[in-house]
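See structure below.
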Amino acid sequence: MPLKTLAEYERLAEIAHGHLCAGQILGLRMALHGVRLLGMDDPEGADRKRLVTYIEIDRCATDAIPVVTGCRLGKRALKFRDFGKVAATFCDLRDERAVRLVARESSKQRAKELYPEITDRNQQQMRAYRELADGDLFEHQWVRVRIGPEDLPGYKAARVTCAECGEGINFKREVERDGRVLCRACAGERYYDPA
Ligand SMILES: [Zn+2]
Ligand SMILES: [Zn+2]
């Protein structure tokens, strides 16, 4: 399963995301650029276990990234860091290198300049994001990402139980407070309140 054409990925992204939009094209282009920079041509097949992706926003483009990379949240190969940026880091576990891509702020302006006659903003951007060069769409930087063994796909360890709520905790997500083992919710990171 080598890399497909952008048009083929667009069809798959439309199904995965529910509609085709400029964000899908941007996400597909970002993922394609990322895996190519890492020298991977079969991220869903032969290179499947080499790749972990960090994504920094939960928006349209986010859904397009796994369409190319095959990295999914439920496989622990997709990591979400909520920085509110249209950026992603593609990590090659085999060669121990990683590249972070960020969408250029100028890409919307470039789309306007390229297709001023297309008045629908989404259509204008979709068209431009298909055609612009990688370097016009993204900035990239080689980076180092330290991924702990507990964050890698396939990590196995005993589950522990929170001393406060009794719920099971996986992947070393427990914390210690005054000698007690707690889940992050009971340790103060709870995002919900009992109704
Ligand atoms: Zn969308
Ligand atoms: Zn708890």
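First listed ligand is number 1; within each ligand, the first listed atom is number 1. Heads up: numbering here begins at 1 and tracks the sequence.
Contact check for Ile147 versus Tyr54: side-chain heavy atoms found under the 4.5 Å cut-off.
Ile65 and Val52 fall into different hydrophobic clusters, where Ile, Leu, Val, Met, Phe, Trp and Tyr are joined by side-chain heavy atoms under 4.5 Å apart, directly or via other members. By the criterion of side-chain heavy atoms lying less than 4.5 angstrom apart, applied directly or through intervening Ile, Leu, Val, Met, Phe, Trp or Tyr residues, Leu3 is grouped together with Leu51 in one hydrophobic cluster. Taking hydrophobic clusters as Ile, Leu, Val, Met, Phe, Trp and Tyr residues chained together by side-chain heavy-atom distances below 4.5 Å, Leu26 does not share a cluster with Val102.
Seen from the Zn ion (ligand 2), atom SG on Cys165 and atom SG on Cys186 lie at an angle near 110° (rounded to 10 degrees). Vertex the Zn ion (ligand 2); arms to Cys162 SG and Cys183 SG; angle rounded to 10 degrees, 110°. Take the Zn ion (ligand 1) as the corner point: the lines to SG of Cys60 and to NE2 of His17 open at 100°, to the nearest 10 degrees. Computed with the Zn ion (ligand 1) at the centre, the Cys21 SG to His19 NE2 angle is 100°, stated to 10 degrees.
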